[in-house]
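Shown next, in structure tokens, is the structure this report addresses.
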Amino acid sequence: MFRVTKEIHFCYGHRLLNYAGKCRMLHGHNGRAVVTCEGPDLDGLGMLIDFSRMKAVLGAWIDATLDHKMLLHEHDPIIPELVRQGEPFVTLPVNPTAENIAKMIFDVARKEGFPVVEVTLWETENSFATYTGG
């Protein structure tokens with residue numbers, strides 16, 4: 001079995017609704033998505049998947065969708081003010097936790113045809129969440 005992994009760095013903000021800790025407040029992160037693909041066979045060039053394709057497809061999606069955006073629960077009461085201010089944001093039907101963001105990236109990779117088996121989202125230097133699609 002072969003595995004390849006690509007890291008994609010991006011910045012995002014978020015907050016968690018109905019959370020008692022500090023993360024209930026708007027704040028930001030320098031995130032690092034670590035996307036791992038796996039498969040038994042290599043192509044004619046000896047690759048499972050081209051790193052540059054991973055960067056072009058997933059990196060472009062992350063850049064357009066998540067980078068420098070505020071990620072919010074769809075019922076977050078601050079949304080009308082962000083709309084009024086013309087600020088970019090993305091809504092999710094769930095709290096924008098590291099776990100849910102990792103799953104979102106996994107789902108996009110799978111939809112794009114990558115043989116993804118795992119996405120880890122590093123939220124800080126020492127905190128991360130992993131989604132494997134189980």
Side-chain angles (χ1 to χ4, degrees):
M1 203 54 89
F2 297 95
R3 280 186 159 214
V4 298
T5 300
K6 179 73 177 169
E7 290 188 13
I8 302 167
H9 297 251
F10 64 104
C11 300
Y12 68 98
H14 71 154
R15 75 170 171 187
L16 305 180
L17 289 186
N18 304 313
Y19 182 73
K22 289 182 184 180
C23 290
R24 74 182 181 279
M25 295 178 262
L26 294 172
H27 64 285
H29 293 286
N30 293 316
R32 178 168 49 121
V34 181
V35 181
T36 301
C37 295
E38 181 179 276
D41 301 313
L42 303 179
D43 66 15
L45 296 172
M47 296 181 199
L48 174 66
I49 190 153
D50 190 341
F51 290 121
S52 63
R53 181 169 174 253
M54 291 177 77
K55 180 181 177 183
V57 175
L58 295 177
W61 181 85
I62 286 171
D63 188 51
T65 308
L66 304 177
D67 189 44
H68 286 85
K69 304 281 191 323
M70 191 59 69
L71 310 181
L72 300 168
H73 188 285
E74 62 189 7
H75 298 303
D76 194 306
I78 200 160
I79 291 172
E81 182 60 23
L82 293 176
V83 169
R84 191 178 77 74
Q85 295 288 331
E87 292 292 330
F89 65 92
V90 174
T91 60
L92 287 76
V94 293
N95 257 336
T97 60
E99 295 89 338
N100 286 324
I101 298 167
K103 182 183 184 311
M104 181 188 325
I105 296 168
F106 182 98
D107 291 345
V108 168
R110 179 68 51 91
K111 180 181 172 204
E112 292 293 337
F114 291 100
V116 61
V117 293
E118 177 177 286
V119 172
T120 297
L121 181 74
W122 286 85
E123 190 170 83
T124 67
E125 290 180 9
N126 52 14
S127 299
F128 63 89
T130 301
Y131 182 76
T132 60

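Values reported hereafter were calculated over all heavy atoms of this structure, with side chains retained and with hydrogens, waters and symmetry mates removed. One-based numbering along the sequence shown.
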Please report the C-alpha distance between Leu66 and Ile105 in whole Å, then the side-chain angles of each, then the deciding distance to 0.1 Å, and finally whether the side chain to side chain contact (heavy atoms under 4.5 Å, CB included) criterion is met.
CA-CA 10 Å; Leu66 304 177; Ile105 296 168; 4.1 Å; yes
Evaluation steps, side chain to side chain contact (heavy atoms under 4.5 Å, CB included), between Val108 and Val57
CA-CA 10 Å; Val108 168; Val57 175; over 6 Å; no
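A donor-acceptor pair under 3.5 Å is formed between the side chain of Arg24 and the backbone N or O of Ala20. The main-chain N or O of His75 is found under 3.5 Å from a side-chain atom of His73 such that the two form a donor-acceptor pair. For Asn100 (side chain) and Asn95 (main-chain N/O), a donor-acceptor pair under 3.5 Å exists by modelled atom type. A donor-acceptor distance shorter than 3.5 angstrom exists from the side chain of His14 to the backbone of Pro96, with no hydrogens or angles considered. No donor-acceptor distance shorter than 3.5 angstrom exists from the side chain of Asn30 to the backbone of Cys11, with no hydrogens or angles considered. Under the 3.5 Å distance criterion, the side-chain polar atoms of Lys69 are matched with a main-chain donor or acceptor of Ala64.
The CE atom of Met70 sits 5.0 Å away from the CG atom of Leu26 when rounded to the nearest 0.5 Å. With rounding to the nearest 0.5 angstrom, the NZ atom of Lys55 is 11.5 Å from the CG atom of Asp50. Atom CG in Asp41 sits 8.0 Å away from atom CZ in Phe2 (nearest 0.5 Å). The structure places CG of Leu121 at 4.5 Å from OH of Tyr12, a figure rounded to the nearest 0.5 Å.
Across every non-hydrogen atom of Pro115 and Ile49, the tightest pair is CD-CD1, 4.1 Å. Considering every non-hydrogen atom in both Phe114 and Cys37, the closest pair reads CB-SG, 4.0 Å. When all heavy atoms of Met54 and Val35 are compared, the closest pair comes out as CE-O, 3.6 Å. Of all the heavy atoms in Trp122 and Val34, the pair that sits closest is CD1-CG2, 3.8 Å. Of all non-hydrogen atoms in Phe106 and Val117, the two that sit nearest each other are CE1-C, 3.7 Å. Minimum interatomic distance between His29 and Glu123 (heavy atoms only, all atoms of both residues): ND1-O, 3.1 Å.
The local environment of CD in Glu125 is sparse, with at most 12 non-hydrogen atoms from other residues, nucleotides or ligands closer than 6.0 Å. Heavy-atom neighbours of Asp43 CG from other residues, nucleotides or ligands within 6.0 Å: above the threshold of 12.
Residues Trp61 and Tyr131 are members of one and the same hydrophobic cluster, defined by side-chain heavy-atom contacts under 4.5 angstrom among Ile, Leu, Val, Met, Phe, Trp and Tyr.
Lys111 has no carboxylate O lying under 4.0 Å from a charged side-chain N of Asp107, or vice versa, which leaves the two without a salt bridge.
The closest side-chain heavy-atom distance from Leu72 to Leu82 is below 4.5 Å. Looking only at side-chain heavy atoms (C-beta outward), Ile78 and Arg15 come within less than 4.5 Å of each other.
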